[in-house]
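Written below as structure tokens is the structure these notes are about.
What you see is a predicted model, and the numbers here were worked out from it, not measured in a lab. Order of listing sets the numbers, starting from 1, for every ligand and every atom in it.
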Amino acid sequence: MRKPIIAGNWKMNKTVQEACILVDALKKGLSDVRDVEIVVCPPFTALRDVGKAINGTNIHLGAQNVYLEEKGPYTGEISPLMLKDLGCKYVIIGHSERRRYFGEDNELINKKVRKSLSCGLSPILCVGERLEERKAGRQEEVVYDHVVNGLTDLSKEDMMQVVIAYEPVWAIGTGVAATPEDAQEMHKFIRNILSSLHDRDLAEGVRIQYGGSVKPENISDLMAKSEIDGVLVGGASLNADSFVKIVRFKRRG
Ligand code: 13P
């Protein structure tokens, strides 16, 4: 059985003080939750303080990006060892905003994935098509490319540490989430890719999150789908009430 994983990607939001206020409210609102793995991904500047605040709780720490070397002359970059040192368990890699605004391609993303794994971090690999690609019926081709090339040269052991987040770009920050049926279909497609790259057992063990306009209003319908193992939440994770509601979604059936 795959344990659901619900993560908040705070993106470029929250001062250290604001981050601490938010995480304190999350600690209070979620302390009894055991059946969902909870992750918060603050900006780099707040990782240390948020990490201290959640140390020993049921909330895990994640970063939003990482560089592909452990150390050296890479001005302005942050290494996976540094993230591990701050207590990060997860790191988001290949978010569509990084692909779009910072020119990240699959080759770079794969290097980040592999270096993170070798430093003991679990990558949350983001994949997903843009609106024009979906309109052209190319969504599976694009997602196949992101998954296969993002996960090149990973052992089975490595694969078990990876989380995949299917985030259709047209659903991010738009208020228009994918329908649970469309997300389910794409998650199945991704699981079949993993099965063909490795084997069915491994594919059945990897968690696949959905991301894009997840809110308290649509979480239960999304989580009711067998292939949706959690969500990656942007905007609605910036507010304690809404993120608490999302983590505490009502189970259907
Ligand atoms: P929104 O939840 O704001 O649509 O963002 C989704 C996202 O990009 C999470 O990584």
Side-chain angles (χ1 to χ4, degrees), residues 4-14 18-19 22-23 26 36-44 46-47 50 59-66 83 88-102 104 109 112-113 116 121-131 133-134 139 142-143 146-147 150 162-180 182-183 186-187 190 207-223 225 228-249:
I5 174 167
I6 296 187
N9 173 8
W10 298 0
K11 305 192 181 183
M12 198 177 71
N13 294 289
K14 306 289 179 189
E18 289 165 348
L22 174 55
V23 84
L26 297 180
V36 172
E37 187 171 1
I38 308 163
V39 183
V40 290
C41 304
F44 286 135
L47 279 174
V50 169
I59 304 177
H60 298 282
L61 192 64
Q64 300 172 18
N65 182 29
V66 66
L83 297 179
C88 288
K89 179 172 182 194
Y90 292 97
V91 56
I92 298 171
I93 298 180
H95 192 279
S96 62
E97 288 150 15
R98 299 227 46 99
R99 294 180 193 256
R100 176 172 174 199
Y101 301 124
F102 304 97
E104 294 199 6
I109 288 164
K112 292 184 173 193
V113 165
S116 295
L121 291 170
S122 288
I124 299 178
L125 172 69
C126 298
V127 303
E129 81 283 0
R130 291 173 300 173
L131 183 60
E133 292 164 336
R134 178 159 278 257
Q139 63 271 22
V142 171
V143 168
H146 288 174
V147 171
V162 171
V163 176
I164 296 177
Y166 170 55
E167 299 207 308
V169 180
W170 46 268
I172 296 178
T174 59
V176 185
T179 63
D182 282 349
M186 188 59 90
H187 286 215
I190 293 170
R207 292 179 295 179
I208 306 176
Q209 297 175 305
Y210 166 77
S213 296
V214 174
K215 296 178 274 250
E217 294 74 33
N218 57 18
I219 182 68
S220 292
D221 289 338
L222 288 163
M223 292 302 291
K225 294 293 180 192
I228 301 182
D229 307 316
V231 288
L232 184 54
V233 188
S237 72
L238 296 174
N239 174 276
D241 281 351
S242 61
F243 193 66
V244 165
K245 281 189 185 133
I246 288 170
V247 173
R248 292 182 170 285
F249 68 94

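A salt bridge links Glu133 with Arg130: the closest approach of a Lys/Arg side-chain nitrogen to an acidic carboxylate oxygen falls below 4.0 angstrom. With respect to the salt-bridge test (charged N to carboxylate O, under 4.0 angstrom), the residues Arg99 and Glu104 do not qualify.
Assignment of Lys215 to the shell around ligand 1 is not supported, since no heavy atom sits closer than 4.0 Å. Residue contacts with ligand 1 leave out Gly211, since none of its heavy atoms falls under 4.0 Å from the ligand. Proximity of Ala165 to ligand 1 is not established, as no heavy-atom distance is less than 4.0 Å.
Against a heavy-atom cut-off of under 4.0 Å, Ala171 is close to the following atoms of ligand 1: 4 (O). Listed by number with element, the atoms of ligand 1 under 4.0 Å from a non-hydrogen atom of Leu232 are 9 (C), 10 (O). Here is the list of ligand 1 atoms found below 4.0 Å of a heavy atom in Ser213: 1 (P), 2 (O), 4 (O).
Residue Gln209 holds its CD atom at 8.0 Å from SG of Cys126, rounded to the nearest 0.5 Å. Distance CD1/Ile93 to OG/Ser122: 10.0 Å, rounded to 0.5 Å.
Atom 3 (O) of ligand 1 has its closest protein heavy atom at Gly235 N, 2.8 Å. When only non-hydrogen protein atoms are considered, atom 7 (C) of ligand 1 lies nearest to Glu167 OE2, 3.2 Å. The protein non-hydrogen atom at the shortest distance from atom 2 (O) of ligand 1 is Gly234 N, 2.8 Å.
Checking only distances, Thr174 never comes within under 3.5 Å of ligand 1, N or O to N or O. Between Gly212 and ligand 1, a contact under 3.5 Å exists for no N or O pair. Any N or O atom pair closer than 3.5 Å counts here, and Gly173 shares at least one such pair with ligand 1.
Partner Tyr166 forms a side chain to side chain donor-acceptor pair (under 3.5 Å) with one of His146, Glu129, His187 and no other, that one being Glu129. Among the candidates Leu125, Ile208, Ile190, the single residue satisfying the side chain to side chain contact (heavy atoms under 4.5 Å, CB included) test with Val147 is Ile190.
Heavy atoms of Ala236 found under 4.0 angstrom from ligand 1: none, in either backbone or side chain. Contact annotation: for Asn9 versus ligand 1, heavy atoms closer than 4.0 Å belong to the side chain alone.
The minimum heavy-atom distance between Ile246 and Val214, with the atom names listed, is CD1-O, 4.0 Å.
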Under the salt bridge (charged side-chain N to carboxylate O under 4.0 Å, His left out) rule, what do Glu217 and Lys245 come out as? Steps first, then yes or no, please. CA-CA 9 Å; Glu217 294 74 33; Lys245 281 189 185 133; over 6 Å; no
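Under 3.5 Å, the side chains of Glu167 and His95 contain a donor-acceptor pair of N or O atoms.
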